[in-house]
Amino acid sequence: MSKAVLMQGNEACVKGALKAGMRFFAGYPITPSTEIAEGCAVELPKLGGKFIQMEDELASMAAVIGASVTGTKAMTATSGPGFSLKQENIGYACEAEIPCVIVDVQRSGPSTGLPTSSSQGDVMQTRWGTHGDHPIIVLSPSSVSETYYLTIRAFNLAEKYMTPVILLMDEMIGHLRETVNLYDDVEIINRKQPDEPEGNFEAYKAGENLVPVLPVFGSGHYYNITGLTHNTWGFPTNNRKIAGDLNSRLLNKIEKNRKDIESFEEYLCDDAELLIVAYGGSARVGEESVDMLRKKGIKAGMYRPVTIWPMAETRLAELSERTGKVLVIEHNNGQYVHEVERVAGKKVEVGFIGNISGSYILPTEVVKKAEEMYYAK
Amino acid sequence: MPSELVKREMRTENLPHIWCPGCSHGSVMRALCQAIENVGLERKNTVIVSGIGCSSRAVGYLNFDTIHTTHGRALAFATGIKLANPDLHVIVLTGDGDISAIGGNHLIHACRRNIGITCIVMNNTIYGMTGGQYSPTTPTGDFGTTAPYGNIDKDFDIPLLAASAGATFAARTTAYGIAQTITVMEKALKHKGFSVIDVASICPSYYGRRNKKGDAVKMLQWQKENSVPVKMAQNMTAEELKGMIVTGIFKDVEEPEYTEEYQKIIEKAGGKR
C-alpha cells in the first residue's frame with residue numbers, strides 16, 4: 001500500500017524518521033533546518049515520543065546520545081554553524097558506538113554566511129569535522145521522496161552498525177515541495193540486544209560484522225561507556241595493543257561492510273562518453289544538464305553517489321575510465337571533486353563547476369563546460 | 001581488602017583507583033554508594049553519568065550502567081537519558097571545572113527545567129587532571145599553574161548559582177563531613193526534581209601544594225574548622241563568612257518536575273507513553 005503526499009524536504013525527513021522509529025529529538029533553532037524540529041515537536045508526543053529544545057547545539061547532540069543509550073532511536077537536525085558545534089559529540093558517538101542520526105541542512109558558509117541560501121559546503125566537514133581517525137556514514141538525498149527513504153535508511157544503518165549517521169541535505173532539498181509516495185512496507189532495523197542473562201557484560205567485543213552488541217541502559221547488563229580508548233568491557237585503557245585493535249575495528253566496521261552500505265544511482269551511463277558526477281541538490285542540475293547535452297548530440301551520463309561516505313568507488317572508477325572525461329558539479333568551491341579525482345586516477349580528465357555566491361548552478365553553465373571538455377582534443 | 005559495601009557497589013577489579021594519595025574523591029564516591037544503598041535504589045534502574053576530569057573517572061569504578069561523557073556535557077547527556085526513560089534514576093558525577101566552566105550553560109538549564117537528576121559536584125577548586133589550573137571555584141587570590149600571580153577571577157558559589165537558576169534542591173557538604181554528605185545525598189536522591197550537592201573535596205597534590213595548605217590531613221582539618229552550617233551563616237556578616245565553607249541544605253522545595261510535565265504534553269497530544 002502507498003499514498004502520495006505533497007510535502008517539503010524537511011517534512012519528509014520528519015516523516016521518514018518517525019517511520020524508522022525515531023522517538024526522541026533534541027535540537028536548537030537554526031535556519032534552514034528549523035522545520036524539522038518544529039515537525040518533531042508536533043508529532044513526537046502524539047506517539048509517546050519526546051521532543052526537547054536544548055540550550056545549545058552541543059547539548060542537543062549530547063541529549064540525543066543520552067536518549068540512544070536507553071534504546072530510544074534519536075535524531076537532531078541543524079545547519080552549518082550548529083553542525084560545527086555538534087562535532088565534539090559526533091566524535092563521541094563514533095568512539096562509543098552510539099547509534100543516532102544527525103541531519104545537516106546545508107546553508108552557505110563560512111561562519112554565519114548566507115543562512116537562507118543553499119550550499120554543499122559541508123561535505124568535507126561531514127567526513128572530517130570531528131577530530132581523530134573515525135568512521136562515518138553520510139547519505140545525501142536529491143529529492144523530497146529520497147529524503148523520506150534515506151532518513152529511514154540512516155536509522156537502519158545507525159542501528160545495524162552502531163554508529164552515528166549523517167543525513168546531508170541542502171537547503172534546496174529541505175525547502176523543496178514534491179510528491180512523496182509513502183509505502184507502508186519498508187524495512188526497519190533495530191539494534192541487536194544480548195541473549196545472555198543479566199549481569200556484567202562485555203559490551204565492546206566485536207560481534208557480527210565487527211559490530212558490538214550494546215545493551216540498552218536499564219536492561220540489567222552492566223558496562224561502561226566512554227569516549228576514552230577502552231577495552232572490550234568499556235573501561236579506559238592506555239594499552240597500545242587494545243587501543244590499536246579498537247581503533248582498527250571502528251574503521252573496519254564500515255570499511256569491511258562497504259558493499260552493504262554503499263549506494264549510488266546512474267543516469268544514462270550505459271553509452272556515456274562524458275560523465276557528470278553530482279550529489280544532493282546538484283544532481284538535479286546534473287540530470288537536466290545530461291538531457292540538454294543529449295539533445296545536442298553529446299552522450300552524457302550521470303553518476304550520483306547516494307552514500308557520500310563511504311563512496312561507491314568501484315563503479316565510479318569504471319565509468320571514469322571508460323568515458324575519460326568527468327565533470328563534477330558541486331554547490332561549493334570544489335570539495336568532493338578531489339575525491340573523484342583520486343578515484344578516477346591521473347589518466348582521466350576531471351573538470352569542475354561550482355558556486356559560492358549563494359545562487360544556483362545553472363544547467364546552461366554545466367552544458368557550456370561539458371561542451372568545452374567534450375570537444376577539446 | 002575492600003569492604004562489603006565496596007564489593008557490592010564497585011567494580012573491584014578496576015581498583016585501586018587512579019586518584020592521587022590524599023585526594024578525597026574516593027571518600028565521596030564511597031559516600032554515594034552508601035547513600036544509594038540507604039535509599040534502596042535498584043541497580044537495574046540506576047544510571048551514573050559523568051563528564052571529564054578527576055571526578056568523572058569515578059564511573060569506571062561504580063558497578064551500574066555508567067557513561068563517561070564529554071567535558072562539561074554530562075548534564076546534557078543525562079537530560080537525554082532521563083527524558084527518554086523517566087523510570088531511570090539518573091545521577092551525575094562532575095567536578096567544578098566540568099560543571100561550572102565548560103558545562104555552566106548546561107547546569108543552569110538543567111536547574112531551570114527542574115529535571116529529575118541528582119548532580120554531585122566533587123569540587124576541589126582546581127583542574128587536577130591537567131595539573132592544577134585555576135577553575136571557576138578557585139577562591140580569588142589563590143594560585144594555580146595558570147594563576148601564577150594569584151587568581152583575579154571571582155569564584156562561583158555553586159549551590160547559590162543552582163538555586164537561583166531554578167534547582168529545587170541545593171546543598172553543600174564537605175569531604176571531612178562524610179556522614180553529613182551521606183545524609184544529604186540520600187535526601188537529594190529521594191528528591192523529585194533537579195538536585196545539586198556541592199561537595200567540598202580536597203586536592204592536596206595540586207591545589208593544596210601550590211597554595212601551601214599542607215597535606216590531606218591538614219586540609220581536612222581545615223575543612224572541619226572552617227565549616228559553618230547554613231542556618232548559622234544567615235546571621236553572620238560577609239566579613240565573618242570570608243574563607244568559610246557554608247554547609248547544609250540551601251534550598252529544598254517541591255515544584256513540577258520536567259519529565260512529569262512532558263508526560264502531560266503527551267496526554268494533551270493524544271499519545272501514550
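The structure displayed is predicted, hence computed values, not measured ones. Reminder, nothing fancy here: chain letters follow the sequence lines and each chain counts from 1.
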B:Arg8 vs B:Ser3, side chain to side chain donor-acceptor pair (under 3.5 Å): CA-CA, chis, key distance, verdict
CA-CA 9 Å; B:Arg8 283 194 302 271; B:Ser3 69; over 6 Å; no
If you count heavy-atom pairs within less than 4.5 Å of chain A, which of [options] leads?
options: B:Val59, B:Ile52, B:Thr69; value: B:Thr69
options: B:Ile265, B:Val47, B:Asn14, B:Asn45; value: B:Asn14
options: B:Glu267, B:Lys268, B:His106; value: B:His106

Which members of residues 17-31 of chain B, sorted by number, sit under 4.5 angstrom from chain A on a heavy-atom basis?
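Checking residues 17-31 of chain B against chain A gives no residue, so none.
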Does any backbone or side-chain atom of [X] lie under 4.5 Å from a heavy atom of chain A? Answer side chain, backbone, both or neither.
X: B:Arg43; answer: both
X: B:Asn105; answer: both
X: B:Tyr262; answer: side chain
X: B:Leu83; answer: both

Are there over 12 heavy-atom neighbours, none belonging to [X], within less than 6.0 Å of that residue's [atom1]?
X: A:Phe235; atom1: CZ; result: yes
X: A:Asp184; atom1: CG; result: yes
X: B:Glu37; atom1: CD; result: yes

Can A:Ser84 and A:Gln125 be said to form a side chain to side chain donor-acceptor pair (under 3.5 Å), step by step?
CA-CA 8 Å; A:Ser84 292; A:Gln125 191 185 15; 3.2 Å; yes
Could you list the residues that satisfy side chain to side chain donor-acceptor pair (under 3.5 Å) with B:Lys190, not counting sequence neighbours?
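Checked B:Lys190 against side chain to side chain donor-acceptor pair (under 3.5 Å); zero matches.
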For the pair A:Thr76 and A:Lys86, evaluate side chain to side chain donor-acceptor pair (under 3.5 Å) and give the outcome as yes or no after the intermediate values.
CA-CA 10 Å; A:Thr76 187; A:Lys86 290 194 195 295; 3.1 Å; yes
Residues of residues 224-234 of chain A within contact distance of chain B, non-hydrogen under 4.5 Å
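The stretch touches chain B at A:Asn224, A:Ile225, A:Thr226, A:Gly227, A:Leu228.
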Could you list which of residues 55-64 of chain A have a heavy atom closer than 4.5 Å to any heavy atom of chain B, in residue-number order?
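Contacts with chain B: A:Glu55, A:Asp56, A:Leu58, A:Ala59, A:Ala62, A:Ala63.
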Could you walk me through whether A:Glu97 and A:Arg249 pass the salt bridge (charged side-chain N to carboxylate O under 4.0 Å, His left out) test, one step at a time?
CA-CA 11 Å; A:Glu97 301 181 73; A:Arg249 183 178 63 73; 2.6 Å; yes
What verdict does the side chain to side chain donor-acceptor pair (under 3.5 Å) test give for A:Ser33 and A:Glu35, after you've listed the backbone C-alpha separation in whole Å, the side-chain angles of each residue and the deciding distance to 0.1 Å?
CA-CA 6 Å; A:Ser33 75; A:Glu35 294 87 357; over 6 Å; no
Can we say A:Lys73 and A:Glu159 salt-bridge, meaning some charged N sits less than 4.0 Å from an Asp/Glu carboxylate O?
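Looking at A:Glu159 together with A:Lys73, the answer is no, because their closest N to O distance does not fall below 4.0 Å.
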Decide, yes or no, whether a salt bridge links B:Glu260 with B:Lys192 under the criterion of side-chain N to carboxylate O below 4.0 Å.
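Here B:Glu260 pairs with B:Lys192 in a salt bridge, since their nearest N and O are under 4.0 Å apart.
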Side chain, backbone, both or neither: which part of A:Phe51 has an atom under 4.5 Å from a heavy atom of chain B?
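Both backbone and side chain.
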Answer with side chain, backbone, both or neither: which region of A:Glu198 has an atom nearer than 4.5 Å to a non-hydrogen atom of chain B?
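For A:Glu198, side-chain heavy atoms alone lie under 4.5 Å from chain B.
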Without swapping roles, check the side chain of A:Asn89 against the backbone of A:Tyr92 for a donor-acceptor pair under 3.5 Å.
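No, because the side chain of A:Asn89 does not come within donor-acceptor range (under 3.5 Å) of the backbone of A:Tyr92.
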So which of [options] has the largest heavy-atom pair count under 4.5 angstrom toward chain B?
options: A:Val69, A:Thr72, A:Ile52; result: A:Ile52
options: A:Gly220, A:Gly218, A:Ala74, A:Pro236; result: A:Gly218
options: A:Phe201, A:Phe24, A:Phe217; result: A:Phe217

Judged by modelled atom types alone, do B:Asp96 and B:Thr137 share a side-chain donor-acceptor pair under 3.5 Å?
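Yes - a donor-acceptor pair under 3.5 Å links their side chains.
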Can you confirm whether the side chains of A:Ser68 and A:Arg191 place a donor and an acceptor under 3.5 Å from each other?
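A:Arg191 and A:Ser68 do have a side-chain donor-acceptor pair below 3.5 Å.
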Which distance, rounded to the nearest 0.5 Å, do you find between the OH of B:Tyr134 and the CD1 of B:Ile126?
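These two atoms lie 11.0 Å from each other.
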Roughly how far apart are B:His89 NE2 and B:Asp65 CG, rounded to 0.5 Å?
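Atom-to-atom, B:His89:NE2 and B:Asp65:CG are 12.5 Å apart.
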